[in-house]
Amino acid sequence: ALDLRSQAYQANKQAGKAVKDLIKLVRSDTDHWNSRFRLAFAYMEAGNYKASKREYTGLLKVYPNSIEGLTGRGEAHLRSGEYKEAVVDYTQAIKCDPDRSASMHYKRGLAYAKLGDKKRAADDIALSKKMGYDPKEF
């Protein structure tokens, strides 16, 4: 019941309510990938980047090469202004799955731009577009 209700809250953009149910689910099974991922995502939607990063880090302890975990934590770092950390997570995600890396290159390019590295930013964003990524579609 908690799982279904949390899904309904997330579908209705009520991240704060989803977080409460997802916390209970994660506490009952700390290694359950889907619940922990959804909790991390709900925290991010609610604007609680610190908690989101904590949950993504917990997910990565169990599944260290999780693309979703790395890109999610990278996004939390990016949104909270921790650009060097975002670059590290996106770089690791790109190494883990280069075939699915177009959006990761784009977001890493944004982080490079915030760090003032215009060359790397331009290279990553150009590569993401060459790979077919259009940020307007996401």
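The residue from Ile94, Asp89, Val87 that alone fulfils the side chain to side chain contact (heavy atoms under 4.5 Å, CB included) condition with Thr91 is Val87.
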Q.
Go through it in stages, so that I can follow the logic: the residues are Lys53 and Ser80, the test is side chain to side chain contact (heavy atoms under 4.5 Å, CB included), and I'd like the CA-CA distance, side-chain angles, deciding distance and then a yes or no.
A. CA-CA 10 Å; Lys53 288 181 285 188; Ser80 61; 3.4 Å; yes
Q | Tyr56 vs Met44, side chain to side chain contact (heavy atoms under 4.5 Å, CB included): CA-CA, chis, key distance, verdict | A | CA-CA 10 Å; Tyr56 280 122; Met44 188 164 353; 3.7 Å; yes
Q. So Ser66 and Leu60, side chain to side chain contact (heavy atoms under 4.5 Å, CB included) or not? Walk me through it.
A. CA-CA 7 Å; Ser66 165; Leu60 289 164; 4.2 Å; yes
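Lys119 pairs by the salt bridge (charged side-chain N to carboxylate O under 4.0 Å, His left out) definition with Asp123, not counting sequence neighbours. The side chain to side chain donor-acceptor pair (under 3.5 Å) check on Arg54 picks up nothing, with sequence neighbours excluded.
Nearest heavy-atom pair, Leu59 versus Gly69, reported as atom, atom and distance to 0.1 Å: CD2-CA, 3.7 Å. When all heavy atoms of Pro98 and Met131 are compared, the pair lying nearest together is O-CE, 3.7 Å. For the pair Cys96 and Asn65, the tightest heavy-atom approach, listed with the atom from each and the gap, is SG-OD1, 3.5 Å.
With Tyr49 contributing its side chain and Gly81 its backbone, the two residues share no donor-acceptor pair below 3.5 Å. When atom types are taken as modelled, the side chain of Ser52 and the backbone of Ala40 share a donor-acceptor pair closer than 3.5 angstrom.
Using the six-membered ring where Trp is involved, Tyr106 and Tyr133 have ring planes that are tilted, between 30° and 60° apart.
Leu70 and Phe37 fall into different hydrophobic clusters, where Ile, Leu, Val, Met, Phe, Trp and Tyr residues are linked whenever their side-chain heavy atoms come under 4.5 Å apart, directly or through other members. A single hydrophobic cluster is seen to contain both Leu78 and Ile67, as judged by linkage of ILVMFWY side chains at heavy-atom distances under 4.5 Å, directly or through other members.
Glu85 and His77 form no side-chain donor-acceptor contact under 3.5 Å, judged by distance and modelled atom types alone.
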Return a table of donor-acceptor pairs under 3.5 angstrom between the side chains of residues 110-118 and protein atoms on other chains or two or more places apart.
unit_1: Asp117; atom_1: OD1; unit_2: Arg120; atom_2: N; d: 3.2

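Here the CE atom belonging to Met104 is positioned 6.0 Å from the OG1 atom belonging to Thr71, to the nearest 0.5 angstrom. Expressed to the nearest 0.5 Å, how far NZ of Lys129 lies from CD1 of Ile125 amounts to 6.5 Å. Interatomic distance, Asp124 CG to His105 NE2, rounded to the nearest 0.5 Å: 6.0 Å.
Salt-bridge check for Glu68 with Arg73: failed, with every basic side-chain N at 4.0 Å or more from each acidic carboxylate O.
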